[in-house]
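Below is one structure; the comments refer to it alone.
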Amino acid sequence: MENALTLAQWSRASGLPPLEARALLSHVLQVTPAWIIAHDEVTLDEMSRRCLDALADRRRQGEPVAYLLGEKEFWGTMFKVTPDVLIPRPDTEALVETALRYIPVKQETRILDLGTGSGAIAIAIARERPQARLWAADVSAAALRVAEENATNLLQQDAARIVWCLSDWFAAIPAPRQDSERFSVIVSNPPYIAAADTHLNEGDIRFEPRGALVGGISGGEALQAIAQQASSYLQPGGVLLMEHGYDQGDVVMALLRDAGFTQCETVRDLAGVPRVTLGRWRTDY
Ligand code: GLN
């Protein structure tokens with residue numbers, strides 16, 4: 001048997017940054033990170049130690065902490081994540097926050113989330129807007145299974161407010177026959193990284209689904225497809241909001257204007273990076 005280690009000793013020996021070592025400890029021991037800090041002289045039991053060593057090993061090989069733990073915090077709640085879905089980013093909270101400006105609290109509205117992944121955006125909106133009815137689409141059946149599980153856990157009996165659709169952008173979204181079947185808000189965090197971007201070969205992102213990251217050769221293919229098709233699904237005056245890369249604000253603004261959107265605007269995330277561009281579908285047709 002190996003020598004028993006205290007939590008502090010295991011953390012140091014793991015070679016991981018203290019925050020990550022603490023996240024693994026709190027996950028395996030089923031206690032809060034604060035408890036770990038307060039009890040770092042406690043001795044690790046053999047079973048926990050073996051589990052932790054295996055996780056630390058995978059982390060040293062590069063696997064993202066969120067996939068090791070199977071969860072990630074977004075918009076104040078924990079979402080289940082697997083390698084089938086993009087790990088929700090704090091940047092994307094700017095998309096939720098901006099979308100909420102266009103979703104009234106006391107009125108039933110129809111919202112569409114394209115490329116929902118873990119369901120983080122749709123579920124965050126559903127939690128903030130009890131009257132909203134949502135449709136959330138993804139081309140990956142595996143991603144939709146994760147999203148549905150998140151909705152069941154986080155919305156409980158209210159989970160039925162979200163309809164999940166297996167769809168390649170708008171392909172399987174029913175064509176509206178009248179305005180009441182149109183959406184007042186369409187949101188999307190589509191893949192927007194260029195295929196040759198070297199950033200794809202570094203760090204956590206290597207383990208995430210390529211289909212959720214790469215928007216074709218230019219990076220802008222999904223942004224373009226959504227901008228071009230969204231108006232067929234929006235109510236007059238409805239709003240399309242898309243997340244994009246730090247240098248894509250002008251491109252997305254041009255895509256929206258070309259597609260006939262008005263009142264276009266780019267919003268920065270908390271880091272001050274242009275992150276979300278939106279436009280209103282014109283009301284004059
Ligand atoms: N913001 C992510 C990143 O650069 C990309 C997410 C996306 O393509 N939608 O890591």
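In each ligand, atom 1 is the first atom listed, and ligand 1 is the first ligand listed. Source: prediction; values computed, not measured. Both backbone and side-chain heavy atoms feed into the values below; hydrogens, waters and symmetry mates do not.
- With 3.5 Å as the limit, one finds a donor-acceptor pair spanning the side chains of Glu243 and Tyr192.
- Remark: distances from the non-hydrogen atoms of Glu208 to ligand 1 are all 4.0 Å or more.
- At a 4.0 Å cut-off, not a single heavy atom of Gly115 sits close enough to ligand 1 to count as contact.
- By the 4.0 Å heavy-atom criterion, Gly245 is excluded from the residues contacting ligand 1.
- Gln263 and Arg280 form a side-chain donor-acceptor contact under 3.5 Å, judged by distance and modelled atom types alone.
- Exactly one residue among Glu71, Glu73, Glu149 makes a salt bridge (charged side-chain N to carboxylate O under 4.0 Å, His left out) with Lys80. That residue is Glu149.
- The shortest contact between atom 10 (O) of ligand 1 and any protein heavy atom is with Arg89 NH2, 2.9 Å.
- Distance from atom 4 (O) of ligand 1 to its nearest protein heavy atom, with residue and atom name: His199 NE2, 3.5 Å.
- Listed by atom number, the atoms of ligand 1 under 4.0 Å from Ile205 heavy atoms are 10 (O).
- Judged by distance alone, the side chains of Ser48 and Asp45 do bring a donor and an acceptor atom under 3.5 Å apart.
- The hydrophobic cluster containing Ile103 does not contain Trp281, counting ILVMFWY residues as joined when their side-chain heavy atoms lie under 4.5 angstrom apart, directly or transitively.
- Counting non-hydrogen atoms of other residues, nucleotides and ligands closer than 6.0 Å to CD1 of Ile37 gives a total above 12.
- Taking every heavy atom of Ile193 and a limit of under 4.0 angstrom, the matching atoms of ligand 1 come to 4 (O), 5 (C).
- Look at Arg50 and Asp53 and you find no salt bridge, because none of the NZ, NE, NH1 or NH2 atoms lies under 4.0 Å from a carboxylate O.
- Remark: ligand 1 atoms within the under-4.0 Å shell around heavy atoms of Ala212 are 7 (C), 8 (O), 9 (N).
- Taking any N or O of Asn189, backbone or side chain, at least one lies under 3.5 Å from an N or O belonging to ligand 1.
- At under 3.5 Å, a nitrogen or oxygen of Tyr192, whether backbone or side chain, sits near a nitrogen or oxygen of ligand 1.
- Both Val187 and Val267 are assigned to one and the same hydrophobic cluster, defined by single-linkage of ILVMFWY side chains at heavy-atom distances under 4.5 Å.
- Proximity to Pro190 (heavy-atom distance under 4.0 Å) selects the following atoms of ligand 1: 7 (C), 8 (O), 9 (N).
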